[in-house]
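We count ligands from 1, going down the list as the structure has it; atoms in each ligand are counted the same way. Sequence positions, counted from 1, serve as the residue numbers for this chain.
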Amino acid sequence: MLTAHLDSWAAGTGATDDGAGVVIAMEAMRILKAVGVQPARTIRLALWTGEEQGSLGARAYVHQHLADLRVSQVSNQMGLPDFLRSLAGPVQPKPDHMRISAAYTLDAGGGKIRAGLAPGTRH
Ligand SMILES: [Zn+2]
């Protein structure tokens, strides 16, 4: 499963938060199709929104397909909507949960992707 999100946040310069992650995930899928890869398993691409507002898209997907996540029942959180409450208790997996072998995401925010080898590391 490849994931990324697209939204904005207080210090953002537009709805570009994780735009690079979205492009990379979509490009990876395009390349796999272009070279004719026949994967042994389904590769899912999921693009979320509302990450900065409590991971709304990802949470909705998890709830719909993968697991029930219990939220805190502590009295000081009961006035909050579920997406703002802390997670608590065991995860209750749904059948699709067992079908996910790996999930990859890249979230560099709205800026450049910065990565490299540590000084002195040879490749
Ligand atoms: Zn975001």
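- To the nearest 0.5 Å, the span separating CD on Q38 from CG on L32 amounts to 10.5 Å.
- For the atom pair M1 CE and Y104 OH, the distance stands at 13.0 Å (nearest 0.5 Å).
- Scanning all heavy atoms of the two residues, the minimum distance from S72 to R85 falls at O-NH2, 2.8 Å.
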Only distances under 3.5 Å count here; give the side-chain donor-acceptor pairs of residues 86-96 to other protein atoms, sequence neighbours excluded, each with its distance to 0.1 Å.
unit_1, atom_1, unit_2, atom_2, d
S86, OG, Q77, NE2, 2.9
K94, NZ, H63, O, 2.3
D96, OD1, R99, NH1, 3.4

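- Proximity of L2 to M29: side-chain heavy atoms (C-beta onward) are separated by under 4.5 Å at one or more points.
- Scanning both residues, T49 and L6, for their nearest heavy atoms gives OG1-O, 3.1 Å.
- Excluding waters, the set of protein N, O or S atoms lying under 2.8 Å from the Zn ion (ligand 1) comprises H5 NE2, D7 OD1, D17 OD2, E51 OE1, E52 OE2.
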